[in-house]
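Each remark here refers to the structure printed beneath this line.
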2 protein chains.
Amino acid sequence: MKVLIVHAHPEPQSFCSALRNLAVETLQGQGHEVRQSDLHALDWNPVASAADFGQRQNPDYLVYALEQREGVKAGDIAPDIQRELEKLLWADLLILNFPLYWFSVPAILKGWIDRVLVSGVCYGGKRFYDQGGLAGKKALVTLTLGGREHMFGEGAIHGPLEDMLRPLLRGTLAYVGLDVLPPFVAWHVPYISNDARQDFLRDYQARLLGLDQDVPLAFPRLDQFDDRLYPLA
Amino acid sequence: MKVLIVHAHPEPQSFCSALRNLAVETLQGQGHEVRQSDLHALDWNPVASAADFGQRQNPDYLVYALEQREGVKAGDIAPDIQRELEKLLWADLLILNFPLYWFSVPAILKGWIDRVLVSGVCYGGKRFYDQGGLAGKKALVTLTLGGREHMFGEGAIHGPLEDMLRPLLRGTLAYVGLDVLPPFVAWHVPYISNDARQDFLRDYQARLLGLDQDVPLAFPRLDQFDDRLYPLA
């Protein structure tokens, strides 16, 4: 299996970074090929802007998705986007590894999503959800957070974590056609003992070793909707 | 009323920017004070990193929220954060004005959230939801998107838009104590006629003129939970 790990923690000694390191070792130990995009180390630019394009389709008015589509076709999209897109298309499994900021990805990772999941390749027209441009590949979200597990779930103060992650799991990863595996979550990380951290590392390793048995989450399929995307009866 | 509009579209001629312009005019016309943070015009840095702090509490290991708390207290947090935080604390109403990217805010705006909603001021300890640091202020989300209205809602292909916006509306704006007004949404913007755009502008103006009659969305209150944040029976 070819694996791309996109990592987005600013502290190389963090537990989040330890999860990334463990994934690299474990997956390589299983004979998988692993590539990484450590966004802070890359000094990744998260801002989608006109600077991402060479020759513009419309130099007077920026429609970002349109210029992405044309820029990729013409091969003159920004080189940092092109490099990441190639890694993404190479991979069979995408792992997003990050600390939860505001119940969501850090901006540096949001900017990887905004810029790299280009229109015309990853999605476009009726190519989304099960028909998305990355169909056949898998995605795993691995995250650390400060909250405790009992603060999430039905009736809990923040509700189910999967509901908070909906724009990422459904609106992004499933949207581009990826089979989205259940997230791996390390709870309450800044406050727990070293032993508790070791337990999470052991759990994560077991999870990584059993990835091929994971059942992806269920999301909409286009055959449940008509041509105008109204639900079929 | 004092209003801060945080705007995050890369194209000054966009319809999204026209909504921003209309809000400035309309609110000023009503006698309100309006300030703006046009993030692309500011060349806003969205990346939360060690560079945001002067004297570090722990120079060897970055815990971002901890350094925020201490940095704000000591008055040596990055000047761009300090400026935005002052505008935020000045405002009675925060308007986030943006195009929906991946069912979420663009990275440049996520980075405003990550960096400006500082721990120790906007939240911290038991100061969140109705007890959040910005309690007493209001927030309005104004967004443009490509999708059609019938693609959202119960049973629709993307589900309810409010569910996709949960990490923003509940996990961010309500979390810091803001009264979150129902979002203003302009659907299918890249594909509609100029007349349809004028209709959205008229609707938005009416909405802005009636803001004081808006009923905020309902979110959890801390008095529904015990000291350890388990739900009370």
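Here is how names work: the chains are called A, B, and so on, in the same order as the sequence lines, proteins then strands, and each is numbered from 1. All figures in this text were calculated on a predicted structure; none of them were measured in a lab.
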In terms of heavy-atom proximity below 4.5 Å to chain A, should [X] be classed as side chain, backbone, both, or neither?
| X | answer |
| --- | --- |
| B:Leu117 | both |
| B:Ala50 | neither |
| B:Met164 | both |
| B:Phe219 | neither |

Proximal component of [X], with respect to chain B [non-hydrogen, under 4.5 Å]:
| X | value |
| --- | --- |
| A:Val176 | side chain |
| A:Val47 | side chain |
| A:Leu165 | neither |

Here's a test: name every donor-acceptor pair under 3.5 Å between chain B and chain A, with the distance for each.
unit_1: B:Glu11; atom_1: OE1; unit_2: A:Leu62; atom_2: N; d: 2.6
unit_1: B:Gln13; atom_1: NE2; unit_2: A:Asp60; atom_2: O; d: 2.5
unit_1: B:Asp60; atom_1: O; unit_2: A:Gln13; atom_2: NE2; d: 2.5
unit_1: B:Leu62; atom_1: N; unit_2: A:Glu11; atom_2: OE1; d: 2.6
unit_1: B:Tyr101; atom_1: O; unit_2: A:Lys110; atom_2: NZ; d: 2.9
unit_1: B:Val105; atom_1: O; unit_2: A:Lys110; atom_2: NZ; d: 2.9
unit_1: B:Ala107; atom_1: N; unit_2: A:Asp114; atom_2: OD2; d: 2.9
unit_1: B:Lys110; atom_1: NZ; unit_2: A:Tyr101; atom_2: O; d: 2.9
unit_1: B:Lys110; atom_1: NZ; unit_2: A:Val105; atom_2: O; d: 2.9
unit_1: B:Asp114; atom_1: OD2; unit_2: A:Ala107; atom_2: N; d: 2.9
unit_1: B:Tyr129; atom_1: OH; unit_2: A:His158; atom_2: ND1; d: 2.8
unit_1: B:His150; atom_1: ND1; unit_2: A:Tyr230; atom_2: OH; d: 3.4
unit_1: B:His150; atom_1: NE2; unit_2: A:Arg228; atom_2: O; d: 2.6
unit_1: B:Ile157; atom_1: O; unit_2: A:Arg170; atom_2: NH2; d: 2.8
unit_1: B:His158; atom_1: ND1; unit_2: A:Tyr129; atom_2: OH; d: 2.8
unit_1: B:Arg170; atom_1: NH2; unit_2: A:Ile157; atom_2: O; d: 2.8
unit_1: B:Arg228; atom_1: O; unit_2: A:His150; atom_2: NE2; d: 2.6
unit_1: B:Tyr230; atom_1: OH; unit_2: A:His150; atom_2: ND1; d: 3.4

One option among A:Ala48, A:Pro99, A:Gly111, A:Pro190 has the most heavy-atom pairs under 4.5 Å with chain B, and it is A:Ala48

Heaviest contributor of heavy-atom pairs below 4.5 Å to chain B, chosen from A:Ala156, A:Gly171, A:Ala8, is A:Gly171

Looking at B:Val63, B:Ile108, B:Ile113, which has the largest count of heavy-atom pairs under 4.5 Å with chain A? B:Ile113

Compare all side-chain heavy atoms of B:Leu222 with those of A:Ile157 and state whether any distance is below 4.5 angstrom. yes

Distance-minimising heavy-atom pair for A:Pro46 and B:Pro46: CG-CG, 3.8 Å

